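Since the structure is predicted, the reported quantities are computational estimates derived from the model, not experimental observations. Just so you know, these numbers use all the heavy atoms, side chains as well, and skip hydrogens, waters and symmetry mates.
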Amino acid sequence: MKNFIYTVLLLLLYDAAVCQDLIIKGRIRCINQTPNSTKGAENIVVVPTFMPSRSAITASSPSGYFEFNTKTDLQKLQDKQVNINIISRCSNCKDMVKRVFISEDQDRQNRDDSKSYVTIKKWMVEKNCKEVELSSFKADSVLNVVMKQPDVKLSELGNATAVAGTPALLNLLTTLTTVLVPVPPATGIFQAVELREGQISYGQFLFASPLTHTASTGFNFSPARDLSESVFWNPSALVNSKKQLNINFLTNVKNNGKLNGFFKITDKVYLGVGGIYTRQDEFRDGDFKSDPTDPTEVPKFVDSLTMKLKEYAVYISPAYKINNQLSVGLSAKSIWQDFNIPNTINIQQDQDGITSNTFTFNSVKKQRFDVDVSVSYKVSKQLQVGLNAMNLAGTKLYADAFVPGQENIFFQNQRSFGLGLCYKWQRFNFGADLLFTEDDFYDAAFGVNYVPFNDALISAGIAVKQLSYSFAIRLKHFRLAYIDDNDFLINEKRKGKSGVLNGRLYGGFAFSF
């Protein structure tokens, strides 16, 4: 009995020793840019037709490399020919099938005696890589379908020297290749007929600037200690300055900047001038038609239209002091809006099948004059109130981009009303700003500032609806601020590497003489 058991164990050990899993590997290449330049073809599905469950996708590193373990002993496929198919975007390419003869002499020396290797060499697809490679999503989808197909039963091969796939699999491979062939794009000139929804807020920079894009959050409609933005939001407070001349600058360098100054003419009259600038850009989707008047034509969807918007304003703001408690101000301003709208797309395809898209855009520019009237009133030594009725002439800016010939174009009325409160308590000031547009309540901002020592000011604030916030410090003439506008200004084309500092770090100065 013991001899029988020993014999069985020896047979099992012998079988394990000689059994080697067959691994087939290789690298598929395609033409890169020119016929003399090649690279590994990525996202190509490699299918062993005798065993589709072991199919693989060519890798990105190293590019074009594939390897699959058949989990089958080399001896079972010894001296037999197997077919390896590849599935790509190209249906008429040559060398889409390799017939590989399996023999023991091809096995390279390796440290692991449980594995044997057969390498497919010089597999080259004579087509441009863009015409061959699948997207990663399509490659994964095809692989999932193929791997569900049944394997060939190797135990039933007998003396057959060629191992082909099942009829169902071969039919599937033909179908997949046909489906994945890219349909030649319709060429010609197509006109824009519709813009899909975007992220940029057109015509709202004058609403957001005093509440969101400021280092004086909560103190702009009733400024006291910090008059750096009074030229814009309440020039009546300029008369409270103790200096003859003041110059202020604040910017994030990327998409927002403010520059202003004011000076004393007489004891009761001050004059301020300044400008605000904002810039935005985004990638937007749209629909195009070769004949916009044809209701039966299916629109051609186009993504990544580069939309750009610039909005800015220049102010001249005189102020007059009626008495120690009451002062009034006036702002005359010029408002600009400058943006592009898509017009046409010219789609062409060269002899190599490479498609090119050429866009044309129209420029839309709008300029209007308007006025503000402001009042500052000191209720007591501790409490100060400020009011600013803005854009009384009712300037309207475009509320969104549009396509040429669009009938329904929306506008944003700039008329608005700002109310500010400032409460003073020793080293602390507490402020609140509320803004009402012609249609509704826009937003409210609350802030606090603190004087830690001479020639220094620390301030912080938050806007309730926009959920933007700021933190700033001024040391004598220089200011540093962190302003998070909660993605109000959109800049998809010039995204920074750091999401924390991307357009949120502001710097500037405030000089008084």
Side-chain angles (χ1 to χ4, degrees), residues 6-30 38-88 94-125 139-140 142-166 168-170 172-173:
Y6 291 151
T7 302
V8 172
L9 290 174
L10 287 173
L11 289 173
L12 290 174
L13 291 172
Y14 174 78
D15 183 67
V18 299
C19 180
Q20 292 181 308
D21 286 347
L22 174 63
I23 297 175
I24 299 178
K25 64 184 183 68
R27 190 176 184 188
I28 301 172
R29 304 188 70 86
C30 55
T38 66
K39 79 175 192 70
E42 303 173 18
N43 292 321
I44 304 298
V45 180
V46 183
V47 183
T49 57
F50 66 97
M51 195 170 288
S53 64
R54 298 295 175 179
S55 300
I57 297 176
T58 55
S60 298
S61 180
S63 60
Y65 179 80
F66 70 89
E67 176 180 307
F68 53 85
N69 189 340
T70 64
K71 292 293 183 180
T72 301
D73 182 12
L74 173 66
Q75 300 301 322
K76 291 185 178 180
L77 291 172
Q78 177 74 22
D79 296 335
K80 295 189 182 330
Q81 178 180 284
V82 298
N83 291 355
I84 311 296
N85 283 47
I86 61 175
I87 302 177
S88 72
K94 298 179 181 178
D95 293 323
M96 300 301 285
V97 181
K98 283 289 185 182
R99 293 174 174 84
V100 183
F101 186 77
I102 306 298
S103 58
E104 188 177 9
D105 59 281
Q106 297 180 70
D107 183 17
R108 65 173 175 82
Q109 294 294 321
N110 62 89
R111 296 179 181 178
D112 190 351
D113 293 333
S114 65
K115 297 177 181 178
S116 57
Y117 292 83
V118 170
T119 301
I120 302 176
K121 300 178 180 179
K122 298 180 180 180
W123 196 340
M124 177 70 186
V125 180
D140 290 338
V142 170
L143 181 66
N144 288 334
V145 173
V146 170
M147 292 182 69
K148 294 178 181 178
Q149 302 304 307
D151 297 338
V152 173
K153 295 181 179 179
L154 300 181
S155 59
E156 300 177 0
L157 286 179
N159 295 323
T161 57
V163 185
T166 64
L169 174 64
L170 298 178
L172 174 65
L173 294 178

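- Put simply, OG on S116 and CD on Q75 are 8.5 Å apart, with the number rounded to the nearest 0.5 Å.
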Let me check something: any side-chain donor-acceptor pairs from residues 40-52 under 3.5 Å, sequence neighbours excluded? List them with distances.
| from | atom 1 | to | atom 2 | distance (Å) |
| --- | --- | --- | --- | --- |
| E42 | OE1 | S60 | OG | 3.2 |
| N43 | ND2 | L134 | O | 3.4 |
| T49 | OG1 | N83 | O | 3.2 |

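- Using a 4.5 Å heavy-atom cutoff, the side chains of K148 and S53 are not in contact.
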### Task
Apply the test side chain to side chain contact (heavy atoms under 4.5 Å, CB included) to residues I84 and V97: give CA-CA distance (whole Å), side-chain angles for both, the deciding distance (0.1 Å), then the verdict.
CA-CA 6 Å; I84 311 296; V97 181; over 6 Å; no

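- For T58 against F66, the heavy-atom pair with the smallest separation is CG2-CB, 4.2 Å.
- A side chain to side chain contact (heavy atoms under 4.5 Å, CB included) with Y117 holds for exactly one of I24, I23, L22, N69; it is I23.
- Between the NZ atom in K25 and the OH atom in Y65 there is a gap of 5.0 Å [rounded to 0.5 Å].
- By the neighbour-count criterion of 12 heavy atoms within 6.0 Å, atom NZ of K39 is densely surrounded, having more than that number from other residues, nucleotides or ligands.
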### Query
Is there a side chain to side chain contact (heavy atoms under 4.5 Å, CB included) between D21 and D73 once you walk through the steps?
CA-CA 5 Å; D21 286 347; D73 182 12; over 6 Å; no

### Step-by-step side chain to side chain contact (heavy atoms under 4.5 Å, CB included) determination, V82 to F101
CA-CA 6 Å; V82 298; F101 186 77; over 6 Å; no

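- If you check the side chains of R54 and T70, you find no donor sitting under 3.5 Å from an acceptor.
- Between the CG atom in N144 and the OG atom in S55 there is a gap of 10.5 Å [rounded to 0.5 Å].
- Between the NZ atom in K98 and the CD1 atom in I86 there is a gap of 9.0 Å [rounded to 0.5 Å].
- Residues W123 and D95 approach most closely at NE1-O, 2.7 Å, considering heavy atoms.
- For the atom pair CZ of R29 and OG of S63, the computed distance is 6.5 Å after rounding to the nearest 0.5 Å.
- Residues T38 and M124 form a side-chain contact, since some pair of their non-hydrogen atoms from C-beta on lies under 4.5 Å apart.
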